[in-house]
Amino acid sequence: MSTSEPRPAAIPPAAAQSSEATPTGNFITDRIDADNQAGTYGGRVATRFPPEPNGYLHIGHAKSICLNFGLMGRYSGTCNLRFDDTNPETEEVEYVESIEGDVRWLGFSPTAVLYASDYYQGIYDCAEQLILDGKAYVDSLSVEELRQYRGNYYIKGIESPYRSRGVDENLDLFRRMRAGEFEDGQHVLRAKIDLASQNMNLRDPPLYRIRKNTPHHRTGSTWPIYPTYDYAHPLSDAFEGITHSICTLEFEAHRPLYDWCIHELADTPAGKRLFRSRPQQIEFARLALTYTVLSKRKLIELVKGGHVHGWDDPRMPTLAGLRRRGITPEALRAFCDRIGVARRDSMVDVALLEHSIRDNLNDKAPRVMAVLNPLKVVITNYPEGKTEEFDAPYFPDVPGSPTRKVPFSRTLYIERDDFKEVPPKKWYRLSPGKEIRLRWACLITCHEVIKDASGEVVELRCTMDENSRGGNAPDGRKVLGTSHWVSAPHALKSEVRLYDRLFRLPNPADVPEGQDWKTALNPDSLQIIDGAMLEPSLATSEPGRHVQFERIGYFFADPLRSKPGAPVWNRTVTLKDTWAKLEAKGS
RNA sequence: UGGGGCGUCGACAAGCGGUAAGUCACGGGUCUUUGGAACCCGCAUUCGUAGGUUCGAAUCCUACCGCCCCAACCA
């Protein structure tokens, strides 16, 4: 989808997957190293990325994807994409498609694309085995009752009257559950563990529930019962031969249950059971980003509430949104390498993401000129009707860079911000009597400021130094200021969309007591400019092209909104702006 | 009134008993036809706090403080 100018050989492609540095180790690689040392898995490393297909992937998932697939790369292992589709009430094919596409877009190829639903029969068989072993029973309490019986943090749970059902009755009832003889909620299969456990997850957790009339997006109506996450996940891992099952911190309290499932069903020295492998769950801290919201609930609220224009709105932290904003997979991967992996809750500064984006696009995006907020400039000593073309390099820092022709004429546009009638201190740019350089064209000096009735500056009358073609001072005099410009009669008038942070607070949850988090939304997160004036070479830009508008930022030709010959440009990220910083400091 | 986890620079994060890596941010400078990029320099005598063990502690022990997670037939 992305195009770029033929890059001069001097610049290496920005981070081909193979040339990316191996990130430093973390507590997970330490674990794996120890396992390899001990021969726990015979040196095998098998991971998986297990999304539930009930929503779009976001940058937090990217961290997990990079982690799991990164481990595959680091240890020459495997990494499956496995859809954790055990809840038919919320899952849809639309999501499985977008998720797989996002993973591949990020640059990873799963060893296999699998589904928990692929294992429904095996998972079921394991359940019968548990019943046979007296380790699971069919309970017929209502949801309400079950909750009562389970107790709470301070009060132990008490046994359900159905806990003592015999193996035969349990097996019969469970098979009838499977046969679809019961209604939702009538029965549930529970593990028989410990109602007094201080870990609530061990107080006889549900293993199977009835969802008789809810079709599953893959298995249709063949199953009236569905396994819970806690039960299906360890088994799916085991069936796939996963060695290290990596998930986020909130699942930590579930690990004893994960281990219980493996322990009860895996082969033992004493004999064969349902499977051989003994995967281990390892938790890490999920990503939090400043000025961003990543909870599924809040993301849905943004979309449904019309605060953004859909899941792929360029302001969204979804992979679809980031992609449309012009953020590259390379930048995202570099970002994930930089943030590291640990167990402590943390909030990463978006500036780190922005740096990763600029760092990647700096190598990759050709430089072009665009005037977002035009101010007319007339070169009084340049003949009316005359036109000439200047050569401008796409990659100015690279010797021998490819170039394009940029037309020049008597009437131009420069950026309104590049002129000040009363220059502040340290102002390099244009003001009455001052000289600046027009990038790649010539030096000009401002002689006259023309205003309209309301006093607004509408035109500048300038002269050019005839001997400064290309922008070099004929006598070597220093000209600090350089402005980008566009020839008015040749300008391509375009729509440019300036995207900014979606929230105005580093932590959108830090809203005053009682206020909704959405009050932290940044009202200026999208500014649409209809009349931007671009150099004409941009007319033929393919959707998905990355460019740098010099001195402004990196922009991306929107794949959806662009029309042939009329690209619409999304600002991916601004350039660092030292002047803005100086200005802010001065005031 | 329970259980589990975590606390190293403004933000991430190495460190695993031998005397505080790196990145971003920030500040200063060089260079510059992007106030961009690049390059150079600076930025934790100190590791939540208080004790203890040790020749030596961010690393071990004890206590305390703070933050996060757990009572869905969600994942």
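Order of the sequence lines sets the chain letters (A, B, ...), proteins ahead of strands, with each chain counted from 1. Note that the structure is predicted; figures quoted are calculated from it, not measured. The analysis underlying the following values was restricted to heavy atoms, covering all of them including side chains, and did not include hydrogens, waters or symmetry mates.
A salt bridge between A:Arg551 and A:Asp417 is absent, with no side-chain N of the basic residue lying under 4.0 Å from a carboxylate O of the acidic one. Of the charged side-chain nitrogens involved, none lies within less than 4.0 Å of a carboxylate oxygen, so that A:Asp118 and A:Arg82 do not count as a salt-bridged pair. Electrostatic pairing of A:Glu91 and A:Arg218 does not count as a salt bridge here, judged by no charged N lying under 4.0 Å from a carboxylate O. Using a cutoff of 4.0 Å between basic side-chain nitrogens and carboxylate oxygens, A:Glu283 and A:Arg255 are scored as salt-bridged. A salt bridge links A:Asp391 and A:Lys405; the closest N-O separation between the charged side-chain nitrogens and carboxylate oxygens is under 4.0 Å. We find that A:Glu415 and A:Arg429 are not joined by a salt bridge, their nearest charged nitrogen and carboxylate oxygen being 4.0 Å or further apart.
Going from the P atom of B:rC64 to that of B:rA75 covers 38 Å, rounded to whole Å. Taking atom C1' in both B:rU54 and B:rA13, one finds a spacing of 29 Å when rounded to whole Å. Nucleotides B:rC43 and B:rC26 are separated by 8 Å at their C1' atoms, to the nearest Å. Atom C1' of B:rC39 sits at a distance of 48 Å from the matching atom of B:rG51, rounded to the whole Å. Taking atom P on both B:rC68 and B:rA58, the two are 28 Å apart, rounded to the nearest angstrom. On the C1' atoms, B:rU19 is 15 Å away from B:rU8, given to the nearest whole Å. The separation of B:rA25 from B:rC40, taken at their P atoms, amounts to 16 Å, rounded to a whole angstrom. Between B:rA57 and B:rU46, the distance separating the two P atoms is 14 Å to the nearest Å.
Here the side chain of A:Ile339 is nearest to one of B:rC12, B:rG35, B:rG28, namely B:rC12. With B:rG15, B:rG35, B:rG7 as the choices, the nucleotide that has an atom nearest any side-chain atom of A:Arg551 turns out to be B:rG35.
Under the Watson-Crick or G-U wobble criterion, with both distances below 3.5 Å, B:rC9 is left unpaired in every strand shown. Using N1 to N3 plus N6-O4 or O6-N4 for Watson-Crick, or N1-O2 and O6-N3 for G-U wobble, each under 3.5 Å, B:rA38 pairs with B:rU30. Using the Watson-Crick or G-U wobble rule with both distances under 3.5 Å, B:rU49 pairs with B:rA63.
Taking side-chain N and O atoms only, A:Arg338 has no distance below 4.0 Å to OP1 or OP2 of B:rC12. The shortest distance between the side-chain N/O atoms of A:Ser356 and the OP1/OP2 oxygens of B:rC24 is not below 4.0 Å. Look at A:His355 and you'll find a side-chain N or O under 4.0 angstrom from OP1 or OP2 of B:rC24.
No contact: A:Glu283 has no heavy atom under 4.0 Å from any strand. Using a 4.0 Å heavy-atom criterion, one finds that A:Thr24 contacts no nucleic acid atom at all. If you check every strand for non-hydrogen atoms under 4.0 Å, A:Val479 touches nothing.
The nearest whole Å value for the distance from the CG atom in A:Leu582 to the P atom in B:rC26 is 12 Å. Rounded to a whole Å, the NZ atom of A:Lys576 is 12 Å from the C1' atom of B:rG27. Distance, A:Asp359 CG to B:rU23 P: 12 Å, rounded to whole Å. Spacing between atom CZ of A:Arg501 and atom P of B:rA25 amounts to 11 Å, rounded to whole angstrom units. B:rU34 atom C1' lies 13 Å from atom CZ of A:Phe555, rounded to whole Å. Distance A:Lys581 NZ to B:rU34 P: 18 Å, rounded to the nearest Å. When rounded to the nearest whole Å, the span between CZ of A:Arg439 and C1' of B:rG36 equals 9 Å. For the pair A:Gln548 CD and B:rA38 P, the computed distance is 12 Å after rounding to whole Å.
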- [ ] Could you run through nucleotides 65-75 of chain B and give me one letter per nucleotide, 5' to 3': B if any protein heavy atom sits under 4.0 Å from the base, S if only the sugar-phosphate is that close, - if neither?
- [x] ---SSBBSBSB
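In this structure, A:Ile225 and A:Phe174 have side chains that are in contact, with non-hydrogen atoms separated by less than 4.5 Å.
Not a single donor-acceptor contact under 3.5 angstrom links the side-chain atoms of A:Arg437 to the base of B:rU34. Taking 3.5 Å as the limit, the base of B:rG36 and the side chain of A:Arg358 contain no donor-acceptor pair of atoms between them. Under 3.5 Å, the side chain of A:Asp30 and the base of B:rG15 form no donor-acceptor pair of N or O atoms.
Mapped onto RNA chain B by nearest heavy atom, A:Gly471 and A:Gly25 fall at different nucleotides, with A:Gly25 at the one closer to the 5' end. Each of A:Arg367 and A:Asn26 was assigned the nucleotide of RNA chain B with the nearest heavy atom; the assignment lying further toward the 5' end belongs to A:Asn26.
Both the sub-6.0 Å distance and the 45° axial angle are not jointly satisfied by A:Arg211 relative to the ring of A:Tyr226. With A:Tyr394 as the aromatic partner, A:Arg404 meets the cation-pi criteria of under 6.0 angstrom to the ring centre and within 45 degrees of the ring axis.
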TODO: Verify side-chain hydrogen bond (donor to acceptor under 3.5 Å, both in side chains) between A:Ser142 and A:Glu144, making sure each step is shown before the conclusion.
DONE: CA-CA 5 Å; A:Ser142 69; A:Glu144 268 309 297; over 6 Å; no
